[in-house]
*Asks:* 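My questions all concern the structure below.
Just so it is clear: chains get the letters A, B, ... in the order the sequence lines come, proteins before strands, and each one is counted from 1. No hydrogens, no waters, no symmetry mates; every other heavy atom, side chains included, goes into these values.
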2 protein chains.
Amino acid sequence: MSKSELRILGQDDTDAACCSPMVREPLDASDAADLARMFKALGDPVRLRLLSLIASHEGGEACVCDLTGPFDVSQPTISHHLKVLREAGLVGSERRANWVYYRVVPAALARLSSLLQIAPAPAKGGVRA
Amino acid sequence: MSKSELRILGQDDTDAACCSPMVREPLDASDAADLARMFKALGDPVRLRLLSLIASHEGGEACVCDLTGPFDVSQPTISHHLKVLREAGLVGSERRANWVYYRVVPAALARLSSLLQIAPAPAKGGVRA
DNA sequence: GGTTTGTATCGACATTCATCGATACAGCTC
DNA sequence: GAGCTGTATCGATGAATGTCGATACAAACC
């Protein structure tokens with residue numbers, strides 16, 4: 001398993017219904033703690049670039065050997081950052097032969113994205129035209 | 001002024017064109033540093049709930065007096081967190097009489113949201129509808 | 001089996017961060 | 001002006017974080 005799990009991105013409604021944007025209602029404390037762990041994982045430039053490199057890599061996955069090159073930090077540091085992303089649920093990893101391949105977890109990114117989504121036209125009375 | 005600034009949310013295209021999702025191409029280092037500061041600001045449960053409270057408050061704004069109640073932390077701590085959100089560009093503040101009102105900066109949230117947006121159908125071979 | 005290559009863990013260190021109490025500042029009301 | 005209320009800043013402190021070199025683990029290759 002875990003390889004054949006390629007589900008369509010916004011399609012799994014187990015997670016899809018979870019996240020109305022936070023303009024609609026205030027987050028409760030437990031949701032906030034959960035989401036904050038994910039945002040915190042994104043709160044480092046190296047990790048952000050790592051995620052971007054993984055997401056934009058061909059096939060949607062990249063091995064660690066592809067990721068250590070573009071940075072000025074050491075290999076243990078890259079490994080540490082990947083672990084943070086993995087434990088936040090933003091990426092998953094799989095070992096194939098000598099290499100470990102990382103790929104993004106689309107549902108996690110979609111959850112954060114939709115949380116930050118803002119109503120395009122709030123129809124809030126005074127703001128009209 | 002500054003009160004009449006209520007522009008429609010996703011409408012200002014000055015920032016709207018900035019952000020192709022990071023699946024399309026890897027972020028460069030300076031963009032990543034900029035974005036990481038914003039995500040880091042979201043990486044705390046108190047700040048996330050603060051932002052949510054502000055965004056969901058009627059009129060799209062809330063005074064600090066509305067924000068200190070729901071938390072177990074002290075008033076200076078709330079003030080500190082609001083400062084972090086403000087310096088990250090996620091909220092703006094305005095003083096009116098005794099009270100200071102905070103409101104979200106929609107363009108900032110939209111930028112982060114669209115960055116995390118994932119291509120709805122990557123045309124990955126098998127996954128098509 | 002020994003060696004080599006790719007990745008993760010360990011221990012240490014400097015820096016940043018979240019939090020607090022005390023206090024200062026801003027603006028209202030009397 | 002005096003006092004009051006709402007908010008921000010200051011200084012301190014314990015905890016978390018990013019980084020490194022050294023080292024351990026995993027899998028291939030000879």
Side-chain angles (χ1 to χ4, degrees), chain A residues 2-3 27 29 32-54 57 61-88 90-103, chain B residues 2-3 27 29 32-54 57 61-88 90-103:
Chain A
S2 82
K3 171 93 166 289
L27 277 66
D34 191 34
L35 293 162
R37 280 191 306 109
M38 297 195 218
F39 280 123
K40 187 184 294 188
L42 296 177
D44 181 275
V46 174
R47 284 197 292 267
L48 217 44
R49 289 175 63 201
L50 280 172
L51 192 68
S52 165
L53 277 172
I54 295 168
H57 205 265
E61 61 179 17
C63 90
V64 182
C65 59
D66 296 322
L67 302 173
T68 46
F71 296 96
D72 286 341
V73 298
S74 69
Q75 177 269 325
T77 299
I78 295 293
S79 191
H80 163 71
H81 284 308
L82 288 171
K83 184 179 183 179
V84 172
L85 288 172
R86 183 160 26 94
E87 290 181 340
L90 297 173
V91 304
S93 65
E94 180 193 5
R95 173 156 224 143
R96 288 206 295 276
N98 254 342
W99 298 272
V100 176
Y101 291 87
Y102 281 79
R103 64 171 55 209
Chain B
S2 80
K3 171 97 164 285
L27 278 63
D34 191 34
L35 293 162
R37 280 192 305 110
M38 299 196 213
F39 281 123
K40 188 183 292 188
L42 295 177
D44 180 276
V46 173
R47 285 197 291 269
L48 216 45
R49 289 175 64 201
L50 279 172
L51 192 70
S52 166
L53 277 171
I54 295 168
H57 205 266
E61 62 180 15
C63 91
V64 182
C65 59
D66 296 323
L67 302 173
T68 46
F71 296 96
D72 286 341
V73 298
S74 69
Q75 178 269 324
T77 300
I78 294 293
S79 191
H80 163 70
H81 283 308
L82 288 171
K83 184 179 185 180
V84 173
L85 288 172
R86 183 161 26 94
E87 290 181 339
L90 297 173
V91 304
S93 65
E94 180 194 3
R95 172 157 226 143
R96 288 206 297 275
N98 254 342
W99 297 271
V100 176
Y101 292 87
Y102 282 78
R103 65 173 53 212

*Asks:* In chain order, what residues pass the side-chain hydrogen bond (donor to acceptor under 3.5 Å, both in side chains) check against T77(A), with sequence neighbours excluded?
*Replies:* S74(A)
*Asks:* How many whole angstroms separate atom CD of E94(B) from atom P of dG27(C)?
*Replies:* 13 Å
*Asks:* What is the distance, to the nearest angstrom, from the CZ atom on R49(B) to the P atom on dA18(C)?
*Replies:*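 Roughly 16 Å, once rounded to whole Å.
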*Asks:* Atom pairs under 3.5 Å, N or O on each side, protein against nucleotides 15-20 of chain D: can you list them with distances?
*Replies:*
from	atom 1	to	atom 2	distance (Å)
dG18(D)	OP1	R47(A)	NH1	3.3
dG18(D)	OP1	R47(A)	NH2	2.8
dG18(D)	OP2	R47(A)	NH1	3.3
dT19(D)	OP2	H81(A)	NE2	2.4
dC20(D)	OP2	S74(A)	N	2.7
dC20(D)	OP2	S74(A)	OG	3.0
dC20(D)	OP2	T77(A)	OG1	2.7

*Asks:* To the nearest Å, give me how far apart CD (E61(B)) and P (dT7(D)) are.
*Replies:*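 Those two atoms, CD and P, are 13 Å apart.
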*Asks:* Distance under 6.0 Å and angle within 45° of the ring axis: does R96(B) meet both against Y101(B)?
*Replies:* yes
*Asks:* Across the strands shown, which category fits F71(B) at heavy-atom distances under 4.0 angstrom: base, sugar-phosphate, nothing?
*Replies:*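 No contact.
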*Asks:* Using whole Å, what does the distance between atom C1' of nucleotide dA26(C) and atom OH of Y101(B) come to?
*Replies:* 15 Å
*Asks:* Listed by chain and number, what are the salt bridge (charged side-chain N to carboxylate O under 4.0 Å, His left out) partners of D66(B), not counting sequence neighbours?
*Replies:* none
*Asks:* Could you tell me the separation between the CG atom of L85(B) and the P atom of dA18(C), rounded to a whole number of Å?
*Replies:*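 To the nearest whole Å, that distance equals 10 Å.
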*Asks:* Tell me the interatomic distance from W99(B), atom CH2, to dT5(D), atom P, rounded to whole angstroms.
*Replies:* 12 Å
*Asks:* Show me the donor-acceptor pairs, under 3.5 Å and distance only, between side chains in residues 39-46 of chain B and residues at least two apart or in other chains.
*Replies:*
from	atom 1	to	atom 2	distance (Å)
D44(B)	OD1	V46(B)	N	2.8
D44(B)	OD1	R47(B)	N	3.3

*Asks:* For R37(B), which residues count as a salt bridge (charged side-chain N to carboxylate O under 4.0 Å, His left out) partner, sequence neighbours excluded?
*Replies:*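 Listed in chain order: D34(B).
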*Asks:* Hey, does Y102(B) reach any base, or is it just sugar-phosphate, or nothing, if we go heavy atoms under 4.0 Å?
*Replies:* sugar-phosphate
*Asks:* Nearest whole Å is fine: how far is dT9(D) P from L82(B) CG?
*Replies:* 11 Å
*Asks:* Who pairs with R95(A) by side chain to side chain contact (heavy atoms under 4.5 Å, CB included), at least two apart in sequence or on another chain?
*Replies:* V100(A)
*Asks:* What is the separation between atom CG on N98(B) and atom C1' on dG6(D), rounded to the nearest whole Å?
*Replies:* 5 Å
